[in-house]
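Worksheet for the structure shown next.
Lettering follows sequence order; numbering is per chain, from 1. In this text the structure is predicted, and so the values were computed from the model without any measurement.
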Amino acid sequence: MSTPAASPRDFIRTTVAEDVQSGRHGSCVVTRFPPEPNGHLHIGHAKSMCLNFGLAGEYATGQCHLRFDDTNPCKEALEYVESIQEDIRWLGFDWNGQLFFASDNFEQLYQYAVFLIKKDKAYVDSLSAEEIKAHRGTLTHPGIESPDRTRSIDDNLELFARMRAGEFDDGQYVLRAKIDMGSPNINMRDPTLYRIRHVTHHRTGQQWCLYPTYDFAHPLSDSIEGITHSLCTLEFEDHRPLYNWVLKECDVACHSQQIEFARLNLNYTVMSKRKLSALVTAGHVTGWDDPRLPTLKGLRRRGYTSASIRTFCERIGVAKRDSIVEMAQLEHAIREDLNLQAPRAMAVLRPLRVIIDNYPDDQVEELEAVNNPEDPRMGSRKIPFSKVLYIEQEDFREQPHKKFFRLAPGQEVRLRYAYIIQCVNVIKDSETGNIIEVHCTYDPSTRSGQSQSTRKVKGTLHWVSTAHALEATIRLYDSLFLKANPNEDSDGTDYLECLNPQSLVTLSDSRVEPSLAYALPGARFQFERQGYFCVDSVDTLPNKLVFNRTVPLRDTWAKIEKTL
RNA sequence: UGGGGGAUCGUCUAAGGGUAGGACGUCAGAUUCUGGUUCUGACUGUGAGGGUUCGAAUCCUUCUCCCCCAGCCA
């Protein structure tokens with residue numbers, strides 16, 4: 001029916017391939033991505049999507065559903081439903097119209113509950129939340145049964161109907177599975193199946209006042225949709241007996257198979273919705289789309305391509321071991337992608353004035369610059385060169401180390417796509433001692449592209465012409481946290497206490513080459529010798545360019561400098 | 001000290017009785033009008049002890065460490 005994947009890359013794909021081979025689940029592969037619409041998606045969800053959509057896509061008849069797990073109206077909202085779909089599409093996945101909501105099955109779920117009551121496998125309990133907790137026992141001691149556990153089937157049926165009819169207050173009754181209060185697995189100690197919530201649901205409105213729990217709704221939703229492989233994270237491992245219990249006792253036709261894998265952790269950031277939400281709410285970041293966040297919206301605004309995120313997810317693999325992936329892995333993926341795609345441009349982040357003493361005062365030359373050395377098809381552009389330029393402040397040192405291959409008194413460098421210049425003088429502020437400008441002379445015979453221009457110099461600098469450059473705001477992003485694992489609380493420090501105060505550095509006096517004047521929001525560039533940047537899609541105005549640094553270029557010099 | 005999982009280079013991840021491989025990273029070279037890219041080379045690993053075997057990361061055994069679970073969250 002389906003064609004097995006060429007060669008399984010992980011234990012889940014191996015299992016699925018075996019199932020297809022053996023005819024299990026009718027040799028079908030149907031997965032699902034089941035977000036709860038109570039927050040925005042992050043790169044951890046991307047891993048799950050790459051697995052679920054990716055795996056289904058490896059089989060001719062494979063299918064991956066999008067299912068909103070909207071069983072708790074207290075925290076969920078329509079806004080998230082729309083935003084999540086947008087993020088999934090952006091990441092490059094398509095549910096082919098297979099859009100489901102757990103709430104669409106509320107009636108059917110209710111009937112399953114009635115079925116369980118009739119089988120004496122579920123009962124209505126009047127115990128309060130605190131009492132249930134007290135009856136549950138502990139990790140090492142069994143629980144004790146609720147007095148209501150022996151209520152008659154008819155009474156349970158009537159009470160459950162009245163719960164639905166809205167006759168009771170929140171918390172007055174719950175429906176519980178009748179399993180085993182002595183089970184060593186706490187999830188099997190008569191778990192709650194339904195609770196009363198007199199709140200408006202974002203899809204079903206006032207239609208219901210009792211809602212199924214995850215443990216009841218999830219397996220049945222999987223079964224109703226015909227999901228063959230229900231992939232979830234490790235913390236649900238000990239819910240699997242309950243998952244199977246529900247499907248077995250409900251006597252369903254399709255018994256989905258739950259398989260667990262380790263969730264994604266990235267160092268120097270946090271991944272839990274709770275923590276992400278707290279960062280947003282407390283104002284430590286500007287919103288869910290803050291470029292410092294590992295949310296899909298944040299990464300997109302930061303300049304990450306969806307392809308790079310997918311590549312990253314494929315490379316980190318899928319396994320059961322708890323792990324923390326290094327951010328360098330993600331950064332490698334985006335550099336690799338952008339190196340091939342992003343047009344180059346010159347931008348001076350922290351400008352230092354350079355005057356070419358022997359260059360004619362009013363002369364302007366249009367110099368040719370290639371748009372991407374990795375891809376000749378991207379062509380070239382003209383860049384204006386004149387007597388007064390800006391270079392990067394850090395590209396000049398008055399007293400350079402011998403390995404500093406940049407501009408210094410008496411030293412020569414090439415200006416990219418232009419001439420070799422030599423520093424002849426340094427002008428300083430008489431009071432502060434700060435360097436105001438640097439004077440140089442140029443060698444007219446060294447113009448780029450000319451036959452005599454083969455002369456070698458140690459360094460090449462990027463630059464812009466002061467008269468032609470555009471002003472721009474440039475935001476340099478760094479990791480949000482100073483600690484590799486902000487989650488570990490061993491020394492008592494809360495994750496909010498290791499926030500990186502330098503996670504955002506805004507440069508408001510940067511200059512970029514004039515060709516960037518009409519750069520569109522979201523457009524990505526490599527600023528030569530600096531890194532990859534994108535035009536901010538929120539704060540950029542027609543005459544006010546704002547760039548976000550996606551990731552810096554690898555910086556060998558910075559490493560050398562550290563060891564000096 | 002109940003139950004459920006897990007332990008392989010610094011980090012992810014393969015190999016399931018037969019040479020421990022890949023990616024990221026790091027280091028060293030080469031190339032380079034980006035200290036980028038690219039290329040070459042090197043680097044470091046089977047949690048510990050016993051056992052079975054010609055041969056063990058893999059099988060058996062004892063131990064150690066780590067993660068998850070006591071929501072009417074998912």
Side-chain angles (χ1 to χ4, degrees), chain A residues 9-10 34-36 38 69 71-72 74-75 125 127-129 132-134 136-143 170-171 173-176 183-189 191-197 210-211 213-215 217-218 232-241 260 262 264 267 273-274 312 315-333 335-336 339-340 344 346 369-370 373-374 403-406 413-418 420 446 448-449 453-462 484 526-531 552-561:
Chain A
R9 297 194 299 279
D10 53 69
E36 185 191 9
N38 69 343
D69 224 333
T71 57
N72 186 358
C74 302
K75 306 189 293 180
D125 197 347
L127 252 32
S128 69
I132 287 181
K133 181 178 173 148
R136 186 149 32 224
T138 67
L139 295 179
T140 48
H141 294 287
D170 289 10
Y173 288 103
V174 291
L175 183 75
R176 291 230 255 166
S183 172
N185 180 346
I186 288 181
N187 296 299
M188 300 299 270
R189 320 238 265 229
T192 299
L193 266 23
Y194 270 91
R195 70 288 217 201
I196 298 172
R197 288 281 146 87
L210 81 171
Y211 295 94
T213 57
Y214 168 88
D215 283 318
H218 205 89
C232 63
T233 43
L234 257 27
E235 68 269 26
F236 293 104
E237 213 149 16
D238 49 17
H239 288 242
R240 185 163 11 108
E260 310 83 12
L264 170 65
N267 65 181
K273 262 190 214 169
R274 201 203 105 237
F312 166 77
R315 282 197 188 138
I316 56 169
V318 176
K320 294 197 72 162
R321 167 186 358 176
D322 286 313
S323 61
I324 303 177
V325 178
E326 289 180 342
M327 193 62 87
Q329 189 88 234
L330 216 209
E331 292 181 341
H332 172 76
R335 286 195 190 104
E336 179 181 51
N339 177 46
L340 299 176
R344 313 287 123 121
M346 292 204 284
V370 299
E374 305 294 327
K403 285 184 178 168
F404 184 81
F405 303 150
R406 305 181 185 183
V413 293
R414 171 169 290 282
L415 292 178
R416 182 94 160 131
Y417 299 123
I420 291 176
T446 58
S448 292
S453 66
T454 51
R455 211 170 107 202
K456 301 277 185 195
V457 284
K458 298 151 286 185
T460 299
L461 307 186
H462 61 278
Q526 183 199 96
F527 288 167
E528 296 217 24
R529 302 209 305 132
Q530 292 288 170
L553 251 27
R554 286 183 66 226
D555 191 349
T556 308
W557 165 241
K559 282 180 196 163
I560 296 169
E561 202 177 19

(message) Quick check against the 3.5 Å criterion: does A/Arg189 have a side-chain atom that pairs as donor or acceptor with the backbone of A/Ser183?
(response) yes
(request) Check the chi torsion on B/G25 and let me know: syn if it falls within 90° of 0, anti if not. (result) anti
(message) Using a 3.5 Å limit for the pairing distances, which stems of at least 3 consecutive Watson-Crick or G-U wobble pairs does RNA chain B take part in?
(response) B:2-7 with B:64-69, B:10-13 with B:21-24, B:25-30 with B:38-43, B:47-51 with B:59-63
(message) Once you apply a heavy-atom cut-off of 4.0 Å, does A/Val318 come out as touching a base, just sugar-phosphate, or nothing?
(response) sugar-phosphate
(message) Using a 3.5 Å distance criterion without hydrogens, assess whether the side chain of A/Thr233 forms a donor-acceptor pair with backbone atoms of A/Glu235.
(response) no
(message) Please give the distance between the C1' atoms of B/A14 and B/U46 as a whole number of Å.
(response) 12 Å
(message) Give me the distance, rounded to whole Å, that separates B/U8 from B/U13 when you measure between the P atoms they each carry.
(response) 9 Å
(message) Please report the distance, rounded to the nearest Å, between CZ in A/Arg189 and P in B/G2.
(response) 13 Å
(message) Between A/Val174 and A/Ile132, is the side-chain contact (heavy atoms from CB on, under 4.5 Å) condition met? List the steps.
(response) CA-CA 10 Å; A/Val174 291; A/Ile132 287 181; 3.9 Å; yes
(request) State, yes or no, whether a side-chain contact exists between A/Lys403 and A/Trp557 at a heavy-atom distance under 4.5 Å. (result) yes
(request) Determine the interatomic distance between C1' on B/C43 and the same-named atom on B/U11; round to the nearest Å. (result) 15 Å
(request) For residues A/Arg176 and A/Leu127, determine if any side-chain heavy atom of one lies less than 4.5 Å from a side-chain heavy atom of the other. (result) yes
(request) Between B/G55 and B/A20, how far apart are the C1' atoms? Round to whole Å, please. (result) 15 Å
(message) So, using salt bridge (charged side-chain N to carboxylate O under 4.0 Å, His left out) as the criterion, who are the partners of A/Arg195 when residues are at least two apart?
(response) none
(request) State which residues pass salt bridge (charged side-chain N to carboxylate O under 4.0 Å, His left out) with A/Glu374; sequence neighbours excluded, sorted by chain then number. (result) none
(message) Mind checking if A/Phe312 touches a base, just sugar-phosphate, or nothing, with heavy atoms under 4.0 Å?
(response) nothing
(request) Could you work out the separation of B/C9 and B/A15 based on their C1' atoms and round it to a whole Å? (result) 15 Å
(message) For the C1' atoms, the ones on B/U58 and on B/G51, what distance do you get once it is rounded to whole angstrom?
(response) 15 Å
(request) Determine the contact category for A/Ile560: base if any of its heavy atoms lies under 4.0 Å from a base atom, sugar-phosphate if only primed atoms, P, OP1 or OP2 are that close, otherwise nothing. (result) base
(request) Round to the nearest Å and state the distance from A/Lys320 atom NZ to B/A7 atom C1'. (result) 13 Å
(request) For side-chain contact (heavy atoms from CB on, under 4.5 Å), just list the numbers for A/Thr71 and A/His218, CA-CA rounded to whole Å, side-chain angles, deciding distance to a tenth of an Å, and then say yes or no. (result) CA-CA 9 Å; A/Thr71 57; A/His218 205 89; over 6 Å; no
(request) Taking atom P in both B/C72 and B/A7, compute the distance separating them and give it to the nearest angstrom. (result) 31 Å
(message) Measure CZ/A/Phe405 against C1'/B/U32 and give the value in whole Å, please.
(response) 14 Å
Atom pairs under 3.5 Å: protein N/O with N/O of nucleotides 25-30 of chain B:
from	atom 1	to	atom 2	distance (Å)
B/U26	OP1	A/Lys559	NZ	3.0

(request) Send over the distance from A/Glu336 CD to B/G36 P, rounded to a whole Å. (result) 17 Å
(message) Using whole Å, what does the distance between atom P of nucleotide B/G36 and atom CG of A/Leu461 come to?
(response) 15 Å
(request) Side-chain contact test, heavy atoms from C-beta onward, threshold under 4.5 Å: evaluate it for A/Val370 versus A/Arg344 and give yes or no. (result) no
(request) Would you indicate what A/Arg406 reaches in the nucleic acid, counting non-hydrogen atoms under 4.0 angstrom: base, sugar-phosphate, or nothing? (result) base
(request) Give the B/S/- string for nucleotides 65-74 of chain B, one per nucleotide from 5' to 3', where a protein heavy atom under 4.0 Å of the base yields B, of only the sugar-phosphate yields S, and otherwise -. (result) --SBBBSBSB
(message) Looking at A/Ile420, is its backbone amide N or carbonyl O close enough to the side chain of A/Thr446 to form a donor-acceptor pair, meaning the two atoms are under 3.5 Å apart?
(response) yes
(request) Pick base, sugar-phosphate or nothing for A/Tyr417, based on heavy-atom distances below 4.0 Å to the nucleic acid. (result) base
(message) Using a 3.5 Å distance criterion without hydrogens, assess whether the side chain of A/Arg335 forms a donor-acceptor pair with backbone atoms of A/Pro552.
(response) yes
(message) Check the phosphate of B/G35 against A/Arg529, side-chain N and O only, distance under 4.0 Å to OP1 or OP2. Yes or no?
(response) yes
(request) Classify the side chain of A/Gln526 versus the base of B/U34 as yes if they form a donor-acceptor pair under 3.5 Å and no if they do not. (result) yes
(request) Apply side chain to side chain contact (heavy atoms under 4.5 Å, CB included) to A/Asn38 and list each qualifying residue two or more places apart in sequence or on a separate chain. (result) A/Glu36, A/Lys75, A/Glu76, A/Lys273
(message) Please report the distance, rounded to the nearest Å, between CG in A/Asn267 and C1' in B/G10.
(response) 11 Å
(request) Check whether any side-chain nitrogen or oxygen of A/Ser183 sits under 4.0 Å from OP1 or OP2 of B/G3, and answer yes or no. (result) no
(message) So A/Pro373, base contact, sugar-phosphate only, or nothing? Heavy-atom distance under 4.0 Å.
(response) base
(request) Between A/Phe527 and A/Arg315, name the one whose nearest nucleotide on RNA chain B is closer to the 5' end. (result) A/Arg315
(request) Answer whether the closest heavy-atom distance between the side chains of A/Arg529 and A/Leu461 falls below 4.5 Å. (result) yes
(message) Between B/U38 and B/G18, how many Å separate the two P atoms, rounded to a whole number?
(response) 36 Å
